[in-house]
**Q** 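Quick one: the structure is below, questions incoming.
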Number of protein chains: 2
Amino acid sequence: MTSNGQNAALVQLRAFLAAADLPFESRLPPERELSERLGVPRPALRKALAVLEQEGQIWRHVGKGTFVGSRPLDTHADIAAIARRTDPAEVMRTRLLLEPEVAALAAIVASPAHVAEMRTCIQRSRSATSWRQYENWDNRLHRAIAEATRNGLLLALLDTLNAVRRAVTWGRLRPDRASPPPDHHSFAEHDAIVAAIEDRDADRARTLMREHLEHVERNLLRPRLS
Amino acid sequence: MTSNGQNAALVQLRAFLAAADLPFESRLPPERELSERLGVPRPALRKALAVLEQEGQIWRHVGKGTFVGSRPLDTHADIAAIARRTDPAEVMRTRLLLEPEVAALAAIVASPAHVAEMRTCIQRSRSATSWRQYENWDNRLHRAIAEATRNGLLLALLDTLNAVRRAVTWGRLRPDRASPPPDHHSFAEHDAIVAAIEDRDADRARTLMREHLEHVERNLLRPRLS
DNA sequence: TCCGGAACCAATTTTCTATTGGTTATCGCG
DNA sequence: CGCGATAACCAATAGAAAATTGGTTCCGGA
């Protein structure tokens, strides 16, 4: 029992791949054509292909074909598509996971100019005359903290997160009549976070940011009381 | 000059919109059909539509149609654009910020099926016969951990991060001759991380993931010694 | 001069067809 | 019976063709 038809198929397939020396991500012939070219029945060829796929050398997909290399994970960073498959709670949980760490990192590497930018945002948010204005400056503040990390990639990811958040929250906007009360919890919390960053106290910045977002989350669930 | 044909068109269009009471983002009839229904010539209707568009009540696009509400801002995060403005070090710092928290969250909410998936990836990575195969299963493992958080948005962000990482690292691939040695540091570290997740020990999972990535980072800077 | 009508243009969606990996049924051979 | 090859069929995908739609141009008539 040195070789049956199926093992022969695997050997021939390996030989074919070695001989072809295909570049990465390139497509190899469809199964029907390949089975004919190698003189191997399709079921046997499929088993051989399954082995190679298990080994991670190729990947296949119905309607697309068989490709060399590893299956490309979805690179479609389409905001709308993401927003369709998520919800406000998930957005909040993601912010809660990300932003405390961002604040901690900002505390380590932020420059005085960054801190000044944060202070400006806080001041503008305090003098906002509508919820829309307030939210605008609140967003700018959180982005300023992200900028302070001096990590463009991280910033891009947070921008994506924010775009999704806007897309998800779309439609259920606060009535633009009133404005945030002077004792709104966020004001003091924003101050404390920026102070921690200025003090280079990463742990405190992280904790305060987490608590701040938890308060925001609570207000989201029970929005209309002020 | 109380009303000419064009003003009449605007009035009729407003009446139509009020009567229809269309939900947000919904499409209204194409111009040709609408002009016939309202008994208004198309040029006049178009001017009326232009007014409404100027007012921000509707938006239009060739081939798509006319819609109620405000034009959705097309924010498709372009992987290539991000990759151009970053570098491997930044990618690593971002992973170091994100993935420990992801591991901690996974430890809290992962299901046995998720853990089994991780174990499979580890096993496959151990039996890899080339660095490419190893990296493939390493990626799948890290993604399995992200999936275990049951947070689709977080998963999408990590996929974006990975796409950027690939784009940045592109070209400088390890030679595919050798294979990872059996005592490669990642094997034991992967095992420990998944064990911590299975034990629902979030703190341990976070710490182990951070240490693991720090080792990976060190190996990236001084790559060819094994 | 100005507006309505029609034809035309370009971007987009929709529809149809061909392709492709995956599955199932059937037959042949040992 | 068991195993595998052949063929037919299925579902997902890509690609081309056709239809749709907002925008533009041109011309005739009031």
Side-chain angles (χ1 to χ4, degrees), chain A residues 1-13 16-17 22 25-76 78 80-81 84, chain B residues 1-13 16-17 20 22 25-74 76:
Chain A
M1 200 198 286
T2 55
S3 87
N4 54 34
Q6 309 219 346
N7 259 346
L10 183 54
V11 170
Q12 269 200 277
L13 181 55
F16 171 82
L17 286 180
L22 300 159
E25 298 294 301
S26 68
R27 210 183 100 171
L28 48 88
E31 295 182 354
R32 291 165 177 82
E33 180 183 335
L34 197 55
S35 79
E36 191 177 4
R37 258 212 268 176
L38 301 183
V40 164
R42 194 153 91 103
L45 175 64
R46 282 182 55 73
K47 287 192 179 176
L49 286 169
V51 172
L52 290 193
E53 185 176 27
Q54 211 63 13
E55 290 175 354
Q57 299 201 13
I58 61 171
W59 65 275
R60 308 183 274 175
H61 194 293
V62 194
K64 289 183 174 173
T66 305
F67 299 83
V68 197
S70 56
R71 166 178 281 106
L73 20 101
D74 298 339
T75 163
H76 71 305
D78 181 11
R84 239 174 281 123
Chain B
M1 199 196 286
T2 55
S3 88
N4 55 33
Q6 308 219 346
N7 259 346
L10 183 54
V11 170
Q12 269 200 277
L13 181 54
F16 172 82
L17 286 180
L22 299 158
E25 294 294 296
S26 69
R27 209 183 99 174
L28 48 88
E31 294 182 354
R32 292 165 176 82
E33 180 183 335
L34 198 55
S35 79
E36 191 177 2
R37 257 212 266 177
L38 300 184
V40 164
R42 193 152 92 102
L45 175 64
R46 284 183 54 73
K47 288 193 178 175
L49 285 169
V51 172
L52 290 194
E53 187 176 25
Q54 207 64 17
E55 290 175 354
Q57 299 201 13
I58 61 170
W59 65 275
R60 309 184 273 176
H61 192 294
V62 193
K64 288 184 173 174
T66 306
F67 300 83
V68 194
S70 58
R71 165 179 278 104
L73 23 96
D74 51 283
H76 64 304

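Chain letters run A, B, ... following the sequence lines, proteins first and then strands; every chain starts at 1.
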**Q** Of all heavy-atom pairs between Phe67(B) and Arg27(B), which one has the smallest distance, and what is that distance?
**A**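 Residues Phe67(B) and Arg27(B), closest heavy atoms: CE2-CG, 3.4 Å.
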**Q** From CG of Leu10(A) over to C1' of dG4(D), roughly how many Å is that when rounded to an integer?
**A**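 Whole-Å distance recorded here is 17 Å.
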**Q** Dump every N/O contact between nucleotides 25-28 of chain C and the protein below 3.5 Å, one line per pair.
**A**
none

**Q** Treat primed atoms plus P, OP1 and OP2 as sugar-phosphate and everything else as base, then score nucleotides 9-22 of chain C 5' to 3': B for base contact with protein heavy atoms under 4.0 Å, S for sugar-phosphate contact only, - for none.
**A** -BBSS------BBB
**Q** Can you name the ring pair (Phe, Tyr, Trp, His ring centres under 6.0 Å) partners of Phe16(A), sequence neighbours left out?
**A**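 Ring pair (Phe, Tyr, Trp, His ring centres under 6.0 Å) list for Phe16(A), sorted by chain: empty.
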**Q** Take Lys47(B) and Val51(B), measure what side-chain contact (heavy atoms from CB on, under 4.5 Å) needs, and give me the verdict at the end.
**A** CA-CA 6 Å; Lys47(B) 288 193 178 175; Val51(B) 172; 5.8 Å; no
**Q** Using atom CD of Glu36(B) as one end and atom C1' of dG4(C) as the other, report the distance to the nearest whole Å.
**A**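 Rounded to the whole Å, the gap is 15 Å.
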**Q** Write down the atom of Leu49(B), the atom of Arg60(B), and the distance for their closest heavy-atom approach.
**A**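 Scanning both residues completely, I find the closest heavy atoms to be CB-NH1, 3.4 Å.
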**Q** side-chain contact (heavy atoms from CB on, under 4.5 Å), that's the test. Do Arg37(B) and Gln12(B) meet it? Break it down for me.
**A** CA-CA 11 Å; Arg37(B) 257 212 266 177; Gln12(B) 269 200 277; over 6 Å; no
**Q** Where is the tightest heavy-atom contact between Glu31(B) and Leu45(B), given as atom of each residue plus distance?
**A**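 Closest approach of Glu31(B) to Leu45(B): O-CD2, 3.4 Å.
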**Q** Determine, step by step, whether Leu52(A) and Leu17(A) satisfy the side-chain contact (heavy atoms from CB on, under 4.5 Å) criterion, reporting the C-alpha distance in whole Å, the side-chain angles of both residues, the deciding distance to 0.1 Å, and the verdict.
**A** CA-CA 11 Å; Leu52(A) 290 193; Leu17(A) 286 180; 3.3 Å; yes
**Q** Just by modelled atom types, is the Arg42(B) backbone N or O under 3.5 Å from a matching donor or acceptor in the Arg32(B) side chain?
**A**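 A pair under 3.5 Å: no.
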**Q** To the nearest Å, how far apart are Leu45(B) CG and dA6(C) P?
**A**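 It is 16 Å, rounded to the nearest whole Å.
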